[in-house]
Amino acid sequence: MRRSKVFIPTSKDAPSDAQLVSHIFLSRAGFVSQNAAGLYNYMPLAKRVIRKIENIIHEEMNNIGAQEVELSFVTPASLWEESGRMEKFGKELLRFRDRKDNLFLLGPTHEEMMVDLVRNRITSYKQLPMNLYQIKTKFRDEARPRFGLMRGREFTMKDGYSFHASEEDLNREFDAVEASYKKILSRLGLDFRVVEADSGAIGGSASKEIMVIADSGEDTIAICSKCEYGANIEAATRSVKTELPEAPEAAFNKFQTPNVKSIEELKAFFKVDAYYTIKCVAKKVIYDESSEIVLFFLRGSDTLQDVKAMNATEALEIEDASEEELTKIGLFPGFVGPLDQDKAKHVIDESLRGATNMICGANEQDYHFVGADLSVISDVAYFCDIAQVNEGDSCTHCEGELSFSKGIEVGHIFKLGTTYSKALKAEFLDENGKAQSFIMGTYGMGVSRLVASVVEQHHDESGCIWTKATAPYMVNVMVSNIKDEEQMKMGEDLYLKLQVAGVEVMIDDRKDRFGFKMKDAELIGFPYTVIIGKELVNGNVQIFTRATKEKDDVSADNVFKSIMELI
RNA sequence: CGGGGUGUAGCUCAGUAUGGUUAGAGUACCUGGUUUGGGACCAGGGGGCCGAAGGUUCGAGUCCUUUCACCCCGACCA
């Protein structure tokens, strides 16, 4: 393409509302423009990058035998009523009625549609397994869209769904998709980690997230220093501590502790390590139609992981409980402990099972117990892993230590089981002629989010640095001064030659000056720019490598060959 | 949904506390000329219902009321 003709509106200024580097550069370099909250237009450059990513996805999906389909974006609400997700999804679902007053929605994900597509069409175990996918616009009416393409309301996603006759076969497919996703991310040139994840409300037995490592990521992941283990902080686990701080050994006793309410105050008062104190985190737990106060007990050195807490109580939502709410049911905030606790339902962290020498609230104003032994309630209390791992905790798979990192969730794969096939009565006949529900997996990958992720990971102060696999154009032929006939001729010749060789090439034939065109090329981020300028009189041009900003002199005669070797 | 902020030229923003000709700058754009290795210079030019509606006033970008949009923090996020 000719830079003088192509639609790439670059700008020195970013829109004032852009925060994230990917948003700033994708806007400034003329890839995207914002329409409304969470809605973006893709301009030619963005479209090219997206197509490249899609092609890689198609190739890898093809390699594992997945088949491409395309489901309609507008979805009959009746399917979602059938699965029961109409309610669950809430306001995120954009609903509307057609001229006949039938209710529809814009698909935020397509489990229902895909199950509907195969039910009564795939009817025998002989037709299984089947992995169907699409790359398509999704719409989720996010409460707070943000960060440019990272969290839009309308976005492009690859979503795949697999159907199996057995758990074993689902496991095999799940592993195949995971391997395939890793390959896609590697090909795109991204630094990523596959981590264990919370399965969330979608249910199912296991899920993994594919996280692109970036400081701007919205998720925190815990990763092991030695082995492959990584997990979203919501799901991360740790092994039992082996090196313990010195225990405050004492006989069981009740101690007066006026105004000692927080863990910090407790530590100071008894001069103990927080590990031997018990904190109570009181939450209001909200269920389908009711709510109640639940007390979560943890070691003073830990913090409550909300998602684990929700899973432990099967809650829809949890909120902080106020002091008044606690006082109302007869608790003494600051002095709540797990022993003799009958005022509210409670959950005790797994790490406190059988714990001894503990200091905890005595459920009495201004009193704490010392020397508490939780083994006395081991049989009756509800223990569950509800603590968030800390940096430095030990890995459950090896002797490594866990550390935290920020990640962008670009993929999420689930073992769904029969949740949706049962709800939608999608069945096949097994070898014995018996009707069985499909065992399913679901696999998502955010395509538009990947575009932003590449920029998050590959940029510098001047702009984008596209990887070879994602670059909208591989080579930019920059004619420094278009009034110089030699330069222009050289540029046109090289442009033509590269085109014929199948290289994605742009020629910058604008009448602007050298500096302007260089800044522009750096902002857009072409991997290579051939500078045809003042050195041409000596028979030389330069190859500018965007990633390193290095300019290498090459003779004009050899530049085609040099470029072909580089790309 | 709770808290905060911002809406003035394509973009980035002054101007609003204290109302007063024809609403500004930079940048981008158009014309002409000069320039051509790091976002050039000179001259001329086009571009605005000051987010919207209502009100106060002789007079509103500026004051009042209502409303909409966008952004940030939080909640939420298969």
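Labels below follow one simple rule: chain letters A, B, ... track the order of the sequence lines, proteins then strands, and each chain is numbered from 1.
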For [N], give its Watson-Crick or G-U wobble partner with both distances under 3.5 Å, or none.
N	result
B:rC29	B:rG45
B:rU35	none
B:rU56	none

Between the protein and nucleotides 33-35 of chain B, list every N/O to N/O distance that falls short of 3.5 Å.
unit_1: B:rU35; atom_1: O2'; unit_2: A:Arg513; atom_2: NH2; d: 3.2
unit_1: B:rU35; atom_1: O2; unit_2: A:Arg513; atom_2: NE; d: 3.2

Got a list of protein N/O to nucleotides 23-32 of chain B N/O distances below 3.5 Å?
none

[X] [atom1] to [N] [atom2]: how many Å, rounded?
X	N	atom1	atom2	result
A:His23	B:rC70	NE2	C1'	11 Å
A:Arg146	B:rG74	CZ	C1'	9 Å
A:Lys551	B:rG37	NZ	P	12 Å
A:Ile524	B:rG39	CD1	C1'	13 Å
A:Asp553	B:rG37	CG	P	16 Å
A:Lys517	B:rG39	NZ	P	14 Å
A:Ile482	B:rG37	CD1	C1'	16 Å

Between [X] and [Y], is any side-chain donor less than 3.5 angstrom from a side-chain acceptor?
X	Y	result
A:Ser555	A:Asn540	no
A:Tyr443	A:Ser162	yes
A:Asn476	A:Asp508	no

Within a reach of under 6.0 Å around [atom1] of [X], are more than 12 heavy atoms found that belong to other residues, nucleotides or ligands?
X	atom1	answer
A:Asn558	CG	yes
A:Glu485	CD	no
A:Lys136	NZ	yes

When you get a sec, tell me which of [options] is the closest nucleotide to the side chain of [X]?
X	options	value
A:Leu523	B:rC77, B:rG38, B:rG39	B:rG39
A:Asp17	B:rC71, B:rG38, B:rU12	B:rC71
A:Arg153	B:rG38, B:rC70, B:rC77	B:rC70
A:Ser480	B:rC71, B:rG38, B:rG37	B:rG37

**Fill in**
Judged by nearest nucleotide, the residue sitting upstream toward the 5' end of RNA chain B, A:Gln19 or A:Ile532, is A:Ile532
**Asked** Want to settle it: does A:Lys91 or A:Glu142 sit nearer the 5' end of RNA chain B, counting the closest nucleotide to each?
**Response** A:Lys91
**Aromatic ring pairing A:Phe25/A:His459, orientation class (parallel under 30°, perpendicular over 60°, tilted between)** =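 The rings of A:Phe25 and A:His459 sit tilted, inter-plane angle from 30° to 60°.
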**Request:** Indicate the ring-plane relationship of A:Tyr40 and A:His23, choosing parallel, tilted or perpendicular according to the 30° and 60° boundaries.
**Result:** perpendicular
If you look at every strand shown and take non-hydrogen atoms under 4.0 Å, does [X] touch a base, only sugar-phosphate, or nothing?
X	value
A:Lys549	nothing
A:Arg28	base
A:Gln487	nothing
A:Ala36	sugar-phosphate
A:Met478	nothing
A:Ala37	sugar-phosphate
A:Glu535	base
A:Pro15	sugar-phosphate

**Message:** Between the base of B:rC77 and the side chain of A:Arg151, is there a donor and acceptor pair under 3.5 angstrom?
**Reply:**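 A donor-acceptor contact between them is present.
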**Prompt:** Does A:Glu522 get its side chain close enough to the base of B:rG38, under 3.5 Å, for a donor-acceptor pair?
**Reply:**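 Answer is yes: a donor-acceptor pair is held.
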Can you give me every donor-acceptor pair (side chain of residues 8-22 of chain A, partner residue at least two apart or in another chain, under 3.5 Å) with its distance?
unit_1: A:Thr10; atom_1: OG1; unit_2: A:Asp520; atom_2: OD1; d: 2.8
unit_1: A:Ser11; atom_1: OG; unit_2: A:Asp13; atom_2: N; d: 3.0
unit_1: A:Ser11; atom_1: OG; unit_2: A:Asp13; atom_2: O; d: 2.7
unit_1: A:Ser22; atom_1: OG; unit_2: A:Glu456; atom_2: OE2; d: 2.7

If you restrict it to nitrogen or oxygen atoms, what contacts under 3.5 Å exist between nucleotides 42-46 of chain B and the protein, and what is each distance?
none

**Message:** Exactly one of A:His58, A:His110, A:Gln67 should register a side-chain hydrogen bond (donor to acceptor under 3.5 Å, both in side chains) with A:Tyr133. Which one does?
**Reply:** A:His58
**Request:** Report the residues that fulfil side-chain contact (heavy atoms from CB on, under 4.5 Å) with A:Glu427, sequence neighbours left out, ordered by chain and then residue number.
**Result:**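 Here the qualifying residues are A:Ala435, A:Ser437.
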With respect to the phosphate group of [N], does any side-chain polar atom (N or O) of [X] fall under 4.0 Å of OP1 or OP2?
X	N	value
A:Gln34	B:rC71	yes
A:Ser16	B:rU12	yes
A:Ser11	B:rU12	no

**Asked** Taking 4.0 angstrom as the limit, do A:Lys328 and A:Glu324 come out as a salt bridge?
**Response**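 The answer is no: the pair does not qualify as a salt bridge.
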**Request:** Identify whether the distance between the nearest side-chain nitrogen and carboxylate oxygen of A:Asp141 and A:Lys91 falls below 4.0 Å.
**Result:** no
**Asked** Taking syn as any angle within 90 degrees of 0 and anti as the rest, which one fits B:rA25?
**Response**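 This nucleotide is in anti.
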**Message:** A:Phe163: which residues meet the ring pair (Phe, Tyr, Trp, His ring centres under 6.0 Å) condition with it, sequence neighbours left out?
**Reply:** A:Phe438
